[in-house]
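Note that this is a predicted model, so its numbers are computed, not measured. In the text below, chain A, chain B and the rest are named by the order of the sequence lines, each starting its count at 1. Atom set for the values below is all heavy atoms of this structure, side chains included, hydrogens, waters and symmetry mates excluded.
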Amino acid sequence: MIVSTDNLEPGFNFAYLDEQTKRSIRRSLLKAIAIPGHQIPFGSREMPMSYGWGTGGIQLTASIIGKNDKLKVIDQGADDTTNAVNIRRFFKKVCGVSTTEKTAEATIIQTRHRIPETPLRAGQTMVYQVPIPEPLRWLEPSEVETRKMHALSEYGAMYVRLYEDITQYGYIATAYDYPVMVNDRYMMRPSPIPRFDNPKLHMSEALQIFGAGREKRLYALPPYTSVKSLDFEDYPFTIESWGKACEFCGATNSYLDEVVVDNHGGRLWICSDTDYCSQRQSAQRQNAAAVSVVNTSSVSPEIFKNGGNRS
Amino acid sequence: MVTTTLPGFSEPVHEAQRTFKGLLDALSHPGQLYSPTVKIIPPEGLTPICASACLTLLDLETIVWLQPTLPNTVKNWLGFHTGCQFSEWPQDATFAIIGDMSSQSSLPDLKDFNQGSAEDPEHSTTMLIQVQDFTSGIAQRLNGPGILESIEIAPNLPKTFWDQWTRNHHTYPQGVDCFLLSHNTVMGLPRTAKVLATCPQITH
Amino acid sequence: MNTLLDVQNLSKAYGSVQACDRISFSLYPGQILGIIGESGSGKTTLLSAIAHQTPSDSGQIIYRNSANQILHINQISESERRQLMRSEWGFVRQHARDGLRMKVTAGANIGERLLDIGQRHYGRIRAESSEWLEQVEIPGHRIDDLPGTFSGGMQQRLQLARVLVTRPRLVLMDEPTGGLDVSVQAKLLDLMRQIVRSLNLSVILVTHDIGVVRLLAHRLIVMRHGKVVEQGLTDQVLDDPHHPYTQSLISATLVP
């Protein structure tokens, strides 16, 4: 579906970036796909929003997006937060592309902090906003040294950190941005998604690309790539569970946000993924409507043949 | 100096994006075929999709190695439309364009191109290799990232290529990446694509 | 018996100063070689060059690994060298702070080399760390303490455990007892002698302290201004020094 380009802001190239910048990022993206999990420097440009607002992700989206794409933007699972709204508005302005809130209809999904519950399909591309790309940065401030560590697969220090967690807390305490091994070779930070989402990275049908604007690094996971969360044999990786259902749609296997509702400690749990929740709710409404149609429509004589039971 | 009169893309922004999407998909799904729709009159020596890939990826920051058997029209057209630099040394190349794999004498081994370094494996050469077709070659079974289980492919390439490709794979994360380009269709072979087995030939 | 390590004509200069001038020696399995000299003698540079932390100007360092392969240390890749330093070789530094991760518990310090070589079982790694704490006579309940809470001698023993956990075949030591109290030194030296013997380690030990070499080393090299001035069996060199410099070194030692 081609959307009219009449509303395009004049004076910008399509998708804001000039073709030279796009080419440079595109070349880096191709190499990133050939070396899954490896961070590749890219010539990050000044963007009309500050660092911390997803400039890395935006530049990646801008480099791949076309007239016929359908863009979804989420922040912490929701389409309607300030960050998501601004980014969506930006792309509408600079490329006139059509946007959607439905995961299943999107061709490109740009995200901060969550992966949608709806499984991604082949042909979709996830673009992640990454604040800090380097998993070893906490240990080693020098970029030269961390690059060497990746080159030599020297990842023992990260496991030392996990060992310390188990020693101190009895379990691996990292809740977000939980480090992973990609294709049995590179250690990677998946961006600040909750550990709950880590399993979705593994063997996804979609292409997943990661952009860090401030650090000027990008990396990628081709579809069907092995992504393993770090753990110990006797302390295997686990995801969060709440033992609760979503207040609105009843889901028990999605990531739940806790919402305080009054001053007496009352709280609700609701799906963080707003599209997933509303899809479930409307499916439930449709089912309920179908059932009530059966109940209230005129009854055919056949039903009485079976003893008159109406259900 | 002969300059070219052939145009490049008629809609540069969108045709580059469509071509790039085809290349991106091809490398993300090794072994599958993609035919991004682009209208272009290529110079003599390049297929339409190879010419499109060049316009999409090459510019003044790239250094290109051209197979010596390619006609001068290719160099002129590329120089004019992309501003890319050229080198006779495979080691220097960010991109290498192979017009025809069958003329082996003019072809360096894959290992003679830039392999990247241990710290910067992404500096390796990307090979753009024109092939006759994707069906008449020796069938190979591949697996690796981008491939669900495995895939069988039969691009028209000599056996020596597959020997070199296996060695290339063993140098991971270093090594070159390839795009195989027929007339309108591209297949991607990232360095992660591993040959599992040469498939038995089925004779009819 | 085959040599474990052969150093041949190793030279290293800093500008006009020849810190090591064509040093040669061989080391056999289970041998402890002491390199003694004053500061400025070049002994620390020599150790650093053997570990290839400073590249030498010329000469060969030839090591026979556990698979009986000959490796030329100055020619192998950085990856192989770093791998070697994490498994078959160990380096005990003068200041424990340089050889330990100070922000990480004692158990994690010892476990790190096991993690580096791919071990992934928390319980087993912790058990091995505990065993080594015992070996180096650090109380087991200190396994979760940070090295900053340890005394100097205990930090040095922790460093020893950290290096020994992968059962290296060659350990390089740079003034391992430097800066410690005399009584603490004595205890540490006793421990080291015991462990080195029981593990049949080969050691190259650099020190200015004659007492240390007398206690630990089988053989001795005396260095001065980058050159070897005397070498031989420890007792022979110390009891009957030939070179005037060696004589002056020995006579300068305070007898406790």
Side-chain angles (χ1 to χ4, degrees), chain A residues 13-15 18-20 22-43 62-69 95 107 122-123 125 144 146-153 182-186 203 205-209 219-227, chain B residues 9 11-21 23-30 32 36 53 55-62 82-84 94-95 116-126 143-151 172-179 188-193:
Chain A
N13 192 28
F14 180 84
D18 60 278
E19 292 307 297
Q20 175 96 12
K22 284 184 200 168
R23 254 194 309 275
S24 168
I25 293 177
R26 287 169 178 168
R27 287 194 294 263
S28 296
L29 272 172
L30 293 178
K31 286 302 184 191
I33 285 166
I35 315 166
H38 169 62
Q39 299 164 53
I40 297 184
F42 74 97
S63 301
I64 65 173
I65 200 163
K67 290 189 292 191
N68 298 343
D69 275 303
C95 45
T107 55
T125 304
V144 168
T146 51
R147 213 141 170 91
K148 197 173 275 188
M149 290 165 85
H150 283 289
L152 300 173
S153 288
V182 175
N183 199 28
D184 289 315
R185 178 54 183 84
Y186 280 101
M203 299 298 281
E205 285 186 32
L207 169 65
Q208 303 175 81
I209 59 184
Y219 43 101
L221 295 174
Y224 306 122
T225 299
S226 155
V227 180
Chain B
F9 283 140
E11 254 197 324
V13 172
H14 296 296
E15 290 182 304
Q17 185 272 329
R18 275 205 294 277
T19 307
F20 174 69
K21 186 67 177 29
L23 297 170
L24 187 76
D25 285 340
L27 211 62
S28 305
H29 302 92
Q32 293 189 34
L55 290 184
T56 302
L57 298 175
L58 307 182
D59 61 28
L60 12 105
E61 291 172 357
T62 56
T82 71
C84 67
T94 23
F95 289 90
S117 65
E119 271 121 357
D120 306 304
E122 69 273 18
H123 289 169
S124 65
T125 308
T126 302
N143 77 352
I147 304 169
L148 182 60
E149 279 159 28
S150 70
I151 190 170
Y172 188 82
Q174 291 163 271
V176 302
D177 308 300
C178 296
F179 286 102
L189 284 183
R191 67 194 76 181
T192 48

For [X], is it the side chain, the backbone, both, or neither that has a heavy atom closer than 4.5 Å to a heavy atom of chain A?
X      : result
B/L148 : both
B/H123 : neither
B/S124 : both
B/L58  : backbone
B/T126 : both

Considering only heavy atoms, which portion of A/I65 lies under 4.5 Å from any heavy atom of chain B: side chain, backbone, both, or neither?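 Only the backbone of A/I65 comes within 4.5 Å of chain B.
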Less than 4.5 Å to any heavy atom of chain B: does that hold for the side chain of A/S63, its backbone, both, or neither? backbone
Top contributor to chain A interface from [options] [non-hydrogen pairs under 4.5 Å]:
options                     : value
B/P30, B/A16, B/G146, B/P12 : B/G146
B/I147, B/D59, B/T192       : B/D59
B/L23, B/T94, B/D120        : B/D120

Pick from A/T125, A/I25, A/T107, A/L207: which one makes a side-chain contact (heavy atoms from CB on, under 4.5 Å) with A/I64? A/T125
What I'd like to find out is whether the side chain of B/P121 reaches to under 4.5 Å of the side chain of A/H38, using heavy atoms alone. yes
Side-chain contact test, heavy atoms from C-beta onward, threshold under 4.5 Å: evaluate it for A/H150 versus A/Q39 and give yes or no.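 They are in contact (side-chain heavy atoms under 4.5 Å apart), so the answer is yes.
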Output, in order, the C-alpha distance, side-chain angles, deciding distance and verdict of side chain to side chain donor-acceptor pair (under 3.5 Å) for A/N13 and A/E19. CA-CA 8 Å; A/N13 192 28; A/E19 292 307 297; 2.7 Å; yes
Salt-bridge test for B/E61 and A/R23: reply yes if a basic N is under 4.0 Å from a carboxylate O, no otherwise. no
Whether B/D25 and B/K21 form a salt bridge (side-chain N of Lys/Arg under 4.0 Å from carboxylate O of Asp/Glu) is what I want to check. yes
What residue, out of A/R147, A/K22, A/R26, A/R185, has the most heavy-atom pairs lying under 4.5 Å from chain B?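 The residue among A/R147, A/K22, A/R26, A/R185 with the greatest pair count is A/R26.
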Mind checking the SG-CZ spacing from B/C178 to B/R191? Nearest 0.5 Å is all I need. 10.0 Å
CG of B/L24 to CG of A/L30, rounded to nearest 0.5 Å, is 6.5 Å
